[in-house]
Amino acid sequence: MFFYLKPRLMEVSTETRMQQMTGRRLVVFPLPLQGHINPMLQLANILHSRGFNITVIHTQYNSLNPSKYPHFTFRPISDGLLETPPSTERGRDLLTLLNVNCVAPFRDCLAQLLSSVSEEPIACLITDAIWHFTQAVADGLKLPRLVLHSGNISFLAFAVHPFLRETGFLPKQDSQTEEPVEALPPLKIKDFPTMDIANPEDDLYMLIDGMVKANKGSSGFIWNSFKELEQPALATLRRRSIVPLFPIGPFHKYFPASSSSLLAQDPSSISWLDTQSPKSVIYVSFGSLATFDETEFLEMAWGLANSMQPFLWVVRPGLIPGSEWLEPLRNGFLEAVSGRGHIVKWAPQQEVLAHPATGGFWTHSGWNSTLESICEGVPMICSPRSNNQMVSARYASDVWRVGVQLENGLERVDVERAIRKLMVESEGEEMRERIMCLKEKADLCLREGGSSYQSLESLVNYIFSF
Ligand code: UDX
């Protein structure tokens, strides 16, 4: 299927391959953020089920709980964040810092694993795309490195690739402009991540530049996506890419639930949904990182209240910087929604989306959330905040046409209108029908002969060839 695979590799029988693979170990290194930990550990589980043993190298920051994965071996490394002022432990700064602080501890840990006579031979390293320093380490230790992209293929293909600079699409003076990018419909300038490419110190630019350059030297890209969902982006990347691409998602469908949650998932989410009518509830959650100011939060709250629809709302501690949890909800909000709304700190999201009472998902369009919603056939309201989320939201609203995008900020009247459109109007019903077709494609791609199934076969054979 992939032109770059040596035909010999495709001819190895499964039985022979499994015999030869016995004792083959993979080392995985997740980025320590929820939206990246989930897909990496799901991928590790998938490959473990295909006969590989797994060693997970992980940072102390957002440290993983080995007891949830007794079939894996865990190696913690120091990340130096304890010595770092808290103000720098956020977002892009955090990722830049981790890419510096982890170099020596990661290299030492990997070198030790490679030289240990008691360890099995290591076939390859799999790291998150954002860990760009790991390519040089892998090259130094002569170990093949595969890259896991936790985001959408379209984002890498269209929004961050250096060709945008080479062809003059970027920079634009006003990153919030509605102006379409003519060569990349339906993307608009405002769907691109805001970065100051004239400034070599710009953190996001440095991070993306480092990632794109380093990952070119890798042995391949793995995606938590599937061919039928992002065909044009995949074709574009295949034309440009010199490394093999393996879209083998959706990962979470190989294994029913994620046990890699950093926060405790509130089981009352499900018992409350059990009391609601089919497809009546709008589930509201903005992932593990997004923040809102108090004004936006109150507009969201009153939009939900005024929509008169039942809702399950994840208000993560930290969602409103400076607030502990629900203190901004004064002036009778909780009384107004009593019996109709349920608020939790963190939910078992995949179970919530699969619940018969869930009829819509108001999301920040994080890639995992988008994919999880597609896989359960739940249409979306999209409020993207940063990075790859704007591209996911544009695809949900304008390409797949399975979502409504709140384009102009968060005003309560717009929120109310969007919720009603999704939950009770015919437009929402049409979106539900379209997303059910995508759900079917997601189901089919994992079955024997499906695109992700074949891609996973190719990936396993490819790793075996190292
Ligand atoms: C981030 C980016 O936003 C995302 O676009 C990128 O591709 C990965 O990193 P995050 O913002 O946390 O992730 O969002 P998302 O990608 O949606 O991942 C959140 C994960 O947390 C999902 O797997 C979701 O199921 C889980 N989750 C979320 C819960 O388990 N419970 C909740 O209450 C909310």
Side-chain angles (χ1 to χ4, degrees), residues 30-43 62 68 90-92 94-95 128-131 147-156 159-160 191 193 204 207-208 211 222-225 230 249-253 255-270 272-273 283-292 311-319 325 342-355 358 361-376 378 380 382-396 403:
L31 196 77
L33 298 174
Q34 187 72 74
H36 296 254
I37 291 170
N38 286 1
M40 182 61 92
L41 290 184
Q42 286 158 355
L43 173 65
N62 280 344
K68 290 187 178 171
R90 309 204 77 82
R92 300 167 181 187
L94 170 72
L95 301 181
D128 192 283
I130 292 176
W131 282 132
V147 174
L148 169 62
H149 285 275
S150 307
N152 35 348
I153 303 176
S154 312
F155 178 67
L156 189 78
V160 302
D191 299 333
L204 185 61
L207 200 62
I208 286 179
M211 187 180 98
I222 302 170
W223 300 94
N224 184 16
S225 187
E230 299 199 87
F251 291 177
H252 70 283
K253 282 288 162 186
F255 292 93
S258 152
S259 43
S260 52
S261 191
L262 295 167
L263 298 172
Q265 298 176 322
D266 189 334
S268 74
S269 314
I270 302 300
W272 182 81
L273 282 172
Y283 168 59
V284 187
S285 175
F286 303 102
S288 62
L289 299 169
T291 56
F292 296 85
F311 63 87
L312 170 63
W313 188 6
V314 176
V315 179
R316 197 188 74 240
L319 188 74
W325 195 37
H342 187 62
I343 303 180
V344 295
K345 291 183 174 168
W346 195 244
Q349 180 161 303
Q350 290 162 26
E351 283 172 65
V352 167
L353 288 169
H355 196 285
T358 304
F361 182 12
W362 183 9
T363 170
H364 68 312
S365 301
W367 183 242
N368 296 289
S369 292
T370 303
L371 205 55
E372 289 162 14
S373 209
I374 287 172
C375 287
E376 300 307 334
V378 178
M380 293 167 265
C382 306
S383 291
R385 307 295 287 178
S386 59
N387 302 334
N388 59 359
Q389 296 154 16
M390 282 85 77
V391 172
S392 307
R394 183 66 58 209
Y395 271 69

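Numbering of ligands and ligand atoms starts at 1, following listing order.
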For [atom], what's the nearest protein heavy atom and its distance?
atom: atom 22 (C) of ligand 1; value: Glu372 OE2, 3.5 Å
atom: atom 33 (O) of ligand 1; value: Ala347 N, 2.8 Å
atom: atom 11 (O) of ligand 1; value: His364 NE2, 2.9 Å
atom: atom 2 (C) of ligand 1; value: Gln389 NE2, 3.8 Å
atom: atom 16 (O) of ligand 1; value: Asn368 ND2, 2.8 Å
atom: atom 17 (O) of ligand 1; value: Ser369 OG, 2.5 Å
atom: atom 7 (O) of ligand 1; value: Asn388 ND2, 3.0 Å
atom: atom 20 (C) of ligand 1; value: Asn38 ND2, 3.7 Å

Could you please spell out the steps behind the side chain to side chain contact (heavy atoms under 4.5 Å, CB included) verdict for Thr358 and Leu312?
CA-CA 9 Å; Thr358 304; Leu312 170 63; over 6 Å; no

With heavy atoms of [X] as the reference, note each atom of ligand 1 found under 4.0 Å away.
X: Val314; answer: 33 (O)
X: Tyr283; answer: 32 (C), 33 (O)
X: His36; answer: 8 (C), 9 (O)
X: Ser285; answer: 34 (C)
X: Ser150; answer: 7 (O)

So, does [X] use its side chain to make a donor-acceptor pair with the main chain of [Y] at under 3.5 Å?
X: Ser365; Y: Pro384; answer: no
X: Glu230; Y: Ile153; answer: yes
X: Gln34; Y: Leu262; answer: yes
X: Trp325; Y: Val315; answer: yes
X: Asp128; Y: Ile130; answer: yes

When you look for heavy atoms under 4.0 Å from ligand 1, do you find them on the side chain of Gln265, its backbone, both, or neither?
side chain

Once you restrict to heavy atoms under 4.0 Å, what part of Phe251 touches ligand 1? Side chain, backbone, both or neither.
neither

Pairs of nitrogen or oxygen atoms closer than 3.5 Å, one from [X] and one from ligand 1: do any exist?
X: Ser261; value: no
X: Gln350; value: no
X: Ser288; value: yes
X: Gln34; value: no

Donor on one side chain, acceptor on other, Ser268 and Asp266, under 3.5 Å
yes

Are any non-hydrogen side-chain atoms of [X] and [Y] less than 4.5 angstrom apart?
X: Asn38; Y: Asn224; value: no
X: Asn152; Y: Thr370; value: no
X: Trp346; Y: Pro317; value: no

Qualifying residues under ring pair (Phe, Tyr, Trp, His ring centres under 6.0 Å), relative to Trp362, sequence neighbours excluded:
Phe286

What residues form a ring pair (Phe, Tyr, Trp, His ring centres under 6.0 Å) with Phe251, not counting sequence neighbours?
none

Heavy-atom contact check, 4.0 Å cutoff: does His252 meet ligand 1?
no

Please confirm whether Leu33 approaches ligand 1 to less than 4.0 Å, judged on its heavy atoms.
no

Please name the residue in the list Val344, Val378, Ile270, Val314 that meets the side-chain contact (heavy atoms from CB on, under 4.5 Å) test with Val352.
Ile270

